[in-house]
Every structure is written in C-alpha cells, then in structure tokens.
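Numbering of residues begins at 1 and proceeds along the displayed sequence. Quick caveat: nothing in here was measured; it's all calculated off a predicted structure.
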Amino acid sequence: MTTLTLVQGDITRESADAIVNAANSSLLGGGGVDGAIHRRGGPAILEECRGLRAGHLGKGLPTGEAVATTAGDLDARWVIHTVGPVWSAEQDRSDLLASCYRSCLRVADELGARTVAVPAISTGVYSWPMEDAARIAVETVRATPNAVAEVRFVLFDARAYAAFASRLACSRT
Ligand code: ADP
C-alpha cells in the first residue's frame, strides 16, 4: 500500500530513492524544477539525457511518458523525467497529466524505488490550475496499483501545499 505524504520545499533537497522531474520533451534542461534538478544534480544527469536523445528517444520524450536517469549529486538513486501537458482551456488534457503520474509509478516499480518525491507537474510554466492538478495527481496515484511505499508530493509554495493537502483530505475514505 502506497502512503501519500506532503512536504513544502525544494525537491532538490529531498532524500528519496527517486526524484521526479517535470521536464520538457527535449530532456535537455529548462526552467523551474527541471533547471533546479540539473543545477543541483550536476552534469551527469544531462549527459545521460543526451545519451537517451542519441538513442531510442531521438525525437524527445513524448508528453505523458517517463524515463529514468542517474540522480547525479542529488540525494537519490534516480531522477525520473516526465513531460507534463501544457494546460489548455480548449482541450481536455487531463489524461495526459494523469499519464505522467502513472508512467512515473511504472518506472519507479521497474527500478525498485520504494520512496519517490514528486513535484506538482505542469503547474509552473505549463500553467495547469493548481487545484485541478492536485486532484489529478492525488486521484491518479491512489488509483494506480504500484509497489512504491511512499509517494511524497513536494510543493514549492504554501498555495500548492494547501491545494494538495485539501485534496488529500477529501479523497481519504
Ligand atoms: P511545468 O513545466 O511542468 O509546469 P515547472 O517546473 O515550471 O514545470 O513547475 C512545476 C511546479 O514545480 C510548479 O508548481 C513550481 O512552482 C514548482 N517548482 C519549481 N521549482 C521547484 C523546486 N525546486 N522544488 C519543487 N517544486 C518546484
């Protein structure tokens, strides 16, 4: 049974088996969580990402999918990179956001990761409304069978933390 926990803070300071990165499909770095992970994790992560791009991910990582690399200097064994959808008012991309969480859990299972730290995917540059993102994140992790002991949502600010906390409380049965 997976325990869902919440902390407010910088995900690059967390200690976990795997840390999830809200990457972009290039896998070659960006802003937000992505920039922070590459900065603190050091060049080994980017080097492995480049290797993936030179190999089976030549066109980049598709939205909703996930892939693991080393965690470099982070206090983790792996970074699991996933690409969230850009929020759209015209098109319902909820299943792609849910797919990010499902894909990360599947990769975590394949790796044997027992603790996984996860940011609020798509809620930064990709503009997904926080309350809805929290609903999708919590519902999807709860509904996805997996062997991860702890999924720790790491929320950068008080607003994100509050959105996840209220969603966690209301989905508890
Ligand atoms: P996306 O492109 O998927 O929207 P971002 O990295 O821009 O990804 O933002 C995702 C969420 O992560 C946002 O809520 C943002 O505030 C948060 N965030 C940014 N930096 C960090 C960090 N170092 N640790 C945890 N969360 C972070």
Side-chain angles (χ1 to χ4, degrees), residues 1-24 27 32-49 51-52 56-57 61-84 95-124 133-157 160-173:
M1 156 126 191
T2 310
T3 304
L4 277 65
T5 58
L6 299 184
V7 298
Q8 188 183 328
D10 177 349
I11 201 165
T12 67
R13 302 284 187 180
E14 290 296 310
S15 164
D17 291 337
I19 292 177
V20 170
N21 181 18
N24 59 56
L27 291 178
V33 180
D34 200 10
I37 282 177
H38 283 286
R39 262 193 312 277
R40 195 173 297 277
I45 301 174
L46 189 57
E47 203 174 298
E48 210 174 314
C49 286
L52 291 168
H56 75 289
L57 292 176
L61 182 66
T63 304
E65 297 189 14
V67 68
T69 65
T70 176
D73 299 331
L74 297 175
D75 191 9
R77 292 180 67 186
W78 304 282
V79 168
I80 300 175
H81 307 262
T82 190
V83 182
D95 197 54
L96 281 171
L97 184 54
S99 173
C100 288
Y101 291 97
R102 285 193 293 265
S103 300
C104 287
L105 288 170
R106 194 186 55 246
V107 170
D109 274 356
E110 287 164 6
L111 295 167
R114 300 280 294 154
T115 54
V116 182
V118 188
I121 298 162
S122 286
T123 62
R135 175 186 67 78
I136 292 167
V138 170
E139 283 179 0
T140 305
V141 172
R142 284 205 189 287
T144 307
N146 68 87
V148 175
E150 181 194 4
V151 171
R152 186 185 317 144
F153 290 109
V154 183
L155 294 322
F156 207 40
D157 57 27
Y161 184 92
F164 275 72
S166 72
R167 181 49 62 177
L168 213 57
C170 71
S171 64
R172 213 167 261 144
T173 48

- Task: Sort out for me which residue in Val141, Asp95, Asn146 forms a side chain to side chain contact (heavy atoms under 4.5 Å, CB included) with Arg102.
- Result: Asp95
- Write down the atom of Ala23, the atom of His81, and the distance for their closest heavy-atom approach. CB-CB, 4.2 Å
- Task: Could you go through the side chain to side chain contact (heavy atoms under 4.5 Å, CB included) check for Thr5 and Val7 one step at a time?
- Result: CA-CA 7 Å; Thr5 58; Val7 298; 5.7 Å; no
- Query: Nearest heavy-atom pair of Arg114 and Val148: which atoms, and what distance?
  - Reply: O-CG1, 3.4 Å
- Reported CZ-to-CZ distance for the pair Arg40 and Arg13, which is rounded to 0.5 angstrom: 3.5 Å
- So does Arg77 have more than 12 non-hydrogen atoms from other groups sitting under 6.0 Å from CZ? no
- Do the non-hydrogen side-chain atoms of Thr140 and Leu97 ever get within less than 4.5 Å of each other? no
- Message: Given 3.5 Å as the limit, does a donor-acceptor pair link the side chain of Arg152 with the main chain of Ser15, or not?
- Response: yes
- Query: For Ala163, does its backbone N or O pair with a side-chain atom of Ser166 as donor and acceptor, under 3.5 Å?
  - Reply: yes
- Item | Spacing of Glu150 atom CD and Thr2 atom OG1 [to the nearest 0.5 Å] | 10.5 Å
- Item | Minimum heavy-atom distance between Ala134 and Arg167, given as atom pair plus value | O-CG, 3.5 Å
- Task: Hey, could you give me the CG/CD1 distance between Leu46 and Ile37, rounded to the nearest 0.5 Å?
- Result: 12.5 Å
- Query: What's the spacing between Leu96 CG and Ile121 CD1 if we round to 0.5 Å?
  - Reply: 12.0 Å
- Between Tyr101 and Phe153, what is the ring plane arrangement, given parallel below 30°, perpendicular above 60°, and tilted in between? perpendicular
- Query: Do Pro62 and Val83 come within less than 4.5 Å of each other through their side chains, counting heavy atoms only?
  - Reply: no
- Query: Are the side chain of Ser103 and the backbone of Gly64 linked by a donor-acceptor contact shorter than 3.5 Å?
  - Reply: yes
- Query: Closest heavy-atom contact between Ala66 and Cys104?
  - Reply: CB-N, 3.9 Å
- Message: Just to verify, which of Asp10, Ile11, Thr12 counts as forming a side chain to side chain contact (heavy atoms under 4.5 Å, CB included) with Val33?
- Response: Ile11
- Are Leu27 and Glu48 close enough that some pair of their side-chain heavy atoms sits under 4.5 Å apart? no
- Quick one: do Val67 and Val107 satisfy side chain to side chain contact (heavy atoms under 4.5 Å, CB included)? Show the steps, please. CA-CA 7 Å; Val67 68; Val107 170; over 6 Å; no
- Please round to the nearest 0.5 Å and tell me the distance separating atom CD1 of Ile80 and atom CD1 of Ile19. 10.0 Å
- Shortest non-hydrogen pair, Thr70 vs Ala44, comes out as CG2-O, 3.7 Å
- Query: Which distance, rounded to the nearest 0.5 Å, do you find between the CG of Asp75 and the CG of Asp17?
  - Reply: 10.0 Å
- Message: Testing the basics here: between Val116 and Ala108, what is the closest heavy-atom pair and its distance to 0.1 Å?
- Response: CG2-CB, 3.9 Å
